[in-house]
There are 2 protein chains.
Amino acid sequence: MEATILRAAEGIFAEAGFGGATMQQIADSAGLPKANLHYYFPTKEALYRQVVQQIFDIWLHAADSFDDAPGPAEAIGAYIDAKMEISRRHPQGSKVWATEVMHGAPVIQDYLETTLREWTADRASVIQTWIDEGRMAPVDPYQLLYMLWATTQHYADFGHQIETLNGGRPLSEDDWDRAKATVRQIILRGIGLGPAPLPAQGQPG
Amino acid sequence: MEATILRAAEGIFAEAGFGGATMQQIADSAGLPKANLHYYFPTKEALYRQVVQQIFDIWLHAADSFDDAPGPAEAIGAYIDAKMEISRRHPQGSKVWATEVMHGAPVIQDYLETTLREWTADRASVIQTWIDEGRMAPVDPYQLLYMLWATTQHYADFGHQIETLNGGRPLSEDDWDRAKATVRQIILRGIGLGPAPLPAQGQPG
DNA sequence: CCTCTTCCTGACCATATGGTCAGATTTGAG
DNA sequence: CTCAAATCTGACCATATGGTCAGGAAGAGG
């Protein structure tokens, strides 16, 4: 039951934001009378908090692919794939997270300051080690992580824009493959793990 | 007068979303009685639409740096700089735009389907030309544009998260320079316009 | 001083929303 | 079958919100 409500809530919160979503909409979407929602979740904020928490867990879980890899190319490549897959499978969750953060994280600021901060510091230091060992180009690890988040989550958060630019059609299987491959290719090559660059060339004209 | 209201509205809409923002908040922030808002903007939606329109113009304007450059490295590098600067100077505008798109662009769908679609198609074909001429690595132009948008706007939309991970302090001048440089470096190298990659290396262990 | 237009505002209204509550219904252990 | 606990629900309430409106300043032109 809670699961049904959470799923419905995720969709409504994603499409309308916290302020724009109404308990009535969520109730309708879950096929329940509104009063019943308050049996399981005392307030709108409590429901919202659970939705966000759920997403945060999935988010952190994507790091497994990062940690299990032997080197930067595999780790970052797998991480990109995992996060792209999350954007594809849980676009609403990603939107809820994005909205929450954009509004100053009123509900989950504590997560940012504890779990996320540690998570990020750990991965940044792993990346720094790879750099020190000469296994990838020297780039600011934090900025690299931001780029990974930005590029992958963009496909969820701005999915509507992308779909519109795709002629109004959702991305096909091939489109997703191409997106994944391009992101992986550009970023990996961008940190010195791809094929050689083009030969130097004068400006024509 | 309209300008004062629009500035206040942008801030409130950015922090609360369309649904979460109230006319009263906007009025207070602008230092006006609420009824006066309705003298200049008949409805909340009309006010919101103007805010979004304003942002869209700035957004498109950033393309000038793209168009005036002689080649891909200069064009894309300048575009990254311009968009990073927008993220820094107009973070609220970027957030309003992001929220609007995430909610399915209920108000500005027409822009997406006309102006933005053309804009994107034009730039994509310029990029394709550079690829055909061998002046940059062959990547899907659309995905590259998405990456540019994603990475640069991330610094505005997720500014709060970044600030939290930065120890709760806003990014300094140096932080911004480093962010800009890293994004530019990774993306340009990622499309074959940077220094050589690291020499091939066996996996240790 | 008059008057017309533009600009501004406090008070008000209809509506929608989050949340409550008393009581109905279902479940399940004994 | 009993009965208490858990689950569900229609009706209701206090509040807040977007928007209206009648009328009050404030200029500008004469």
Side-chain angles (χ1 to χ4, degrees), chain A residues 1-55 92-93 95-97 99-100 102-109, chain B residues 1-55 92-93 95-97 99-100 102-109:
Chain A
M1 195 71 268
E2 280 98 336
T4 308
I5 296 173
L6 284 170
R7 215 172 320 129
E10 183 179 284
I12 302 294
F13 281 134
E15 279 168 33
F18 179 81
T22 73
M23 292 298 267
Q24 190 63 60
Q25 284 176 312
I26 296 172
D28 290 350
S29 167
L32 268 76
K34 187 181 64 139
N36 204 358
L37 257 60
H38 287 91
Y39 178 75
Y40 291 100
F41 301 93
T43 66
K44 186 183 181 183
E45 190 177 315
L47 173 54
Y48 177 73
R49 183 180 270 270
Q50 283 247 359
V51 170
V52 175
Q53 201 154 4
Q54 207 177 223
I55 295 147
Q92 277 132 336
K95 287 179 194 174
V96 174
W97 175 268
T99 308
E100 167 68 10
M102 274 197 293
H103 295 1
V107 174
I108 47 97
Q109 179 64 24
Chain B
M1 193 72 269
E2 280 98 336
T4 308
I5 297 173
L6 283 170
R7 214 172 322 127
E10 183 179 285
I12 302 294
F13 281 134
E15 279 169 33
F18 179 81
T22 73
M23 293 298 268
Q24 189 63 59
Q25 284 176 312
I26 296 172
D28 291 350
S29 168
L32 269 76
K34 187 181 65 136
N36 203 358
L37 258 60
H38 287 92
Y39 178 76
Y40 291 100
F41 302 92
T43 67
K44 186 182 180 184
E45 191 176 316
L47 174 54
Y48 178 73
R49 184 180 269 270
Q50 283 247 359
V51 169
V52 174
Q53 202 154 4
Q54 208 177 222
I55 296 148
Q92 276 133 335
K95 287 180 195 174
V96 174
W97 175 267
T99 309
E100 166 68 10
M102 274 198 292
H103 295 1
V107 173
I108 47 98
Q109 180 63 23

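In the text below, chain A, chain B and the rest are named by the order of the sequence lines, each starting its count at 1. Note: hydrogens, waters and symmetry copies are ignored here, and every other heavy atom, side chains too, is used. Since we're looking at a predicted model, the values are computed, not measured.
The CG atom of B:D28 sits 11 Å away from the P atom of D:dT17 (whole-angstrom rounding). Rounded to whole Å, the distance from CD on B:Q24 to C1' on C:dG10 is 12 Å. Across the protein-nucleic acid pair, B:L32 atom CG and C:dT9 atom P stand 6 Å apart, rounded to whole Å. Atom CE of A:M23 and atom P of D:dC8 are 15 Å apart (whole Å). Atom OH of B:Y48 is separated from atom P of D:dT17 by 19 Å (rounded to the nearest Å). Separating the CD1 atom of A:I26 from the P atom of C:dG18 is a distance of 8 Å, rounded to the nearest angstrom. The distance from atom CD1 of A:I5 to atom C1' of D:dC8 is 11 Å, rounded to the nearest whole Å. Atom OH in A:Y40 sits about 20 Å away from atom P in C:dG18, given to the nearest Å.
A:K44 contributes no side-chain N or O that forms a donor-acceptor pair with the base of C:dG19 under 3.5 Å.
Taking for each of B:M1 and B:K34 the nucleotide of DNA chain C with the nearest heavy atom, the 5'-most of the two is the partner of B:M1. Comparing A:Y39 and A:A35 by the nucleotide of DNA chain D whose heavy atom lies nearest to each, the residue mapping closer to the 5' end is A:Y39.
A 6.0 Å sphere centred on CD of A:Q53 holds more than 12 heavy atoms belonging to other residues, nucleotides or ligands.
Residue A:A21 is classed as a sugar-phosphate contact, given heavy-atom separations below 4.0 Å to backbone atoms only.
Between the side chain of A:E100 and the backbone N or O of A:V107 there is at least one donor-acceptor pair closer than 3.5 Å. A donor-acceptor pair under 3.5 Å is absent between the side-chain atoms of A:E15 and the main chain of B:G104, judged by distance alone.
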Before you tell me yes or no, could you show the steps for B:M1 and B:Y40 under side-chain contact (heavy atoms from CB on, under 4.5 Å), namely the whole-Å CA-CA distance, both residues' side-chain angles and the distance that decides it to 0.1 Å? CA-CA 9 Å; B:M1 193 72 269; B:Y40 291 100; 3.4 Å; yes
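By the 30° and 60° cut-offs, the orientation of the rings of A:F13 relative to A:Y48 is perpendicular.
Counting only heavy atoms from C-beta on, A:N36 has its side chain closest to D:dC8 among C:dT17, D:dC8, D:dG19. Checked against D:dT20, C:dG18, C:dG19, the side chain of B:H38 finds its nearest nucleotide in D:dT20.
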